[in-house]
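This report concerns only the one structure given below.
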2 protein chains.
Amino acid sequence: MQVSLADPRIERPKIFTHGCPTRVVLDHVMSRWGVLVLLALSEGTLRWGELRREVDGISEKMLASTLRTLEADGIVVRTSYPEVPPRVEYSLSPLGDELMQRMLPLVGWVAEHAEGIVERQA
Amino acid sequence: MQVSLADPRIERPKIFTHGCPTRVVLDHVMSRWGVLVLLALSEGTLRWGELRREVDGISEKMLASTLRTLEADGIVVRTSYPEVPPRVEYSLSPLGDELMQRMLPLVGWVAEHAEGIVERQA
DNA sequence: CGGGATCCCAAATGATACTG
DNA sequence: CAGTATCATTTGGGATCCCG
């Protein structure tokens with residue numbers, strides 16, 4: 001008797017395999033700084049300097065790295081204006097909008113319950 | 001004229017301050033392994049060994065560490081049965097259920113779009 | 001079976017200085 | 001202003017051994 005690869009009887013219990021696309025993207029958007037940068041951009045377009053000030057504690061290096069990753073993923077759009085002094089704006093792409101529509105409820109829930117969770121540990 | 005600390009005119013644009021409870025909990029539940037462990041448990045109670053096999057690639061150290069953190073947060077419940085050989089089961093607490101209710105749509109969206117996102121980079 | 005304790009490394013992150 | 005380059009450091013994470 002033959003079984004297909006999609007046969008439920010032989011389906012692996014594993015969530016996602018190591019190195020699969022889902023894990024890669026998950027690592028980008030759910031990273032420490034990725035979440036905060038996306039959260040900031042979900043309220044509207046921001047310039048580099050604004051982003052740096054809004055995401056408290058982020059270093060220039062991590063901001064650059066995070067933005068490059070999210071831009072490569074097509075989640076964030078970078079627009080540079082050929083002016084002097086230079087001006088660069090970052091915003092969510094349509095894909096990023098869809099993503100944040102799902103992430104905001106989660107972050108909102110965490111924000112509401114975080115204090116209670118942390119206090120209970122003391 | 002006096003202004004209160006909650007005055008919207010002087011509200012900081014910062015998302016969350018460095019080290020605030022929200023960031024702490026966010027780091028726990030959105031960590032690389034935290035997400036995958038919670039995802040596994042969202043389908044039902046699992047034993048230590050089952051979790052280890054289901055979350056592909058996780059080491060014993062990280063599984064233990066992740067579970068301890070999530071248990072301390074009150075998101076995961078650990079139940080040990082005084083048998084021999086020992087049996088320990090992990091499941092989501094009511095709090096964890098609420099959390100995953102918000103996280104599943106996000107992870108689902110990522111899983112659907114991840115392949116397209118990663119392929120586009122090549 | 002279900003972990004804890006240790007050692008150790010690679011990667012993530014921070015700080016600072018510099019540049020188009 | 002908007003980054004890049006470099007160096008120092010922390011820490012996430014793996015490997016291994018051990019124990020109740």
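Order of the sequence lines sets the chain letters (A, B, ...), proteins ahead of strands, with each chain counted from 1.
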Heavy atoms of other groups near Glu115(A) CD, more than 12 under 6.0 Å: no

query: Within the pair Trp48(A) and dT4(D), is there a side-chain N or O less than 4.0 Å away from OP1 or OP2?
result: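 So the side-chain polar atoms of Trp48(A) never come under 4.0 Å of the phosphate oxygens OP1 or OP2 of dT4(D).
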
message: Measuring to OP1 and OP2 of dA2(D), would you say a side-chain N or O of Arg47(A) lies under 4.0 angstrom away?
response: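 Affirmative; the distance criterion is met.
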
Report the nucleotide, chosen from [options], that has the shortest atom-to-atom distance to any side-chain atom of [X].
X        : options                  : answer
Arg78(B) : dG13(D), dG3(C), dC1(D)  : dG3(C)
Pro86(A) : dA2(D), dT13(C), dA15(D) : dA2(D)
Ser59(A) : dG14(C), dG2(C), dA2(D)  : dG14(C)
Lys61(A) : dT16(C), dG14(C), dG4(C) : dG14(C)
Arg68(B) : dG3(C), dA17(C), dG4(C)  : dG4(C)

query: Could Arg87(B) and Glu89(B) be called an ion pair, given the rule that one side-chain N must be under 4.0 Å from one carboxylate O?
result: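 Result for this pair is yes, salt bridge flagged.
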
Could you tell me the separation between the [atom1] atom of [X] and the [atom2] atom of [N], rounded to a whole number of Å?
X        : N       : atom1 : atom2 : answer
Leu46(A) : dC1(D)  : CG    : P     : 15 Å
Asp27(A) : dT13(C) : CG    : P     : 10 Å
Ile58(A) : dG3(D)  : CD1   : C1'   : 13 Å
Met62(A) : dT9(D)  : CE    : P     : 19 Å
Leu63(A) : dC1(D)  : CG    : C1'   : 13 Å
Glu71(A) : dA2(D)  : CD    : C1'   : 14 Å
Glu50(A) : dG3(D)  : CD    : C1'   : 16 Å
Glu60(A) : dC7(D)  : CD    : C1'   : 15 Å

- prompt: Do Val76(A) and Thr66(A) touch side chain to side chain, with heavy atoms closer than 4.5 Å?
  reply: no

Name the nucleic acid region contacted by [X], choosing base, sugar-phosphate or nothing; use a 4.0 angstrom heavy-atom cut-off, strictly under.
X        : value
Tyr90(A) : sugar-phosphate
Arg52(A) : nothing
Arg32(B) : sugar-phosphate

message: Quick check on the hydrophobic clustering: are Leu104(B) and Met30(A) connected, directly or via other members, by side-chain heavy-atom contacts under 4.5 Å?
response: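 In one cluster: yes.
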
- request: Tell me yes or no: between the side chains of Asp73(A) and His28(A), is some donor less than 3.5 Å from an acceptor?
  value: yes

task: Let me know, please, whether Gly57(A) or Leu67(B) comes out on the 5' side of the other along DNA chain C by nearest nucleotide.
output: Leu67(B)

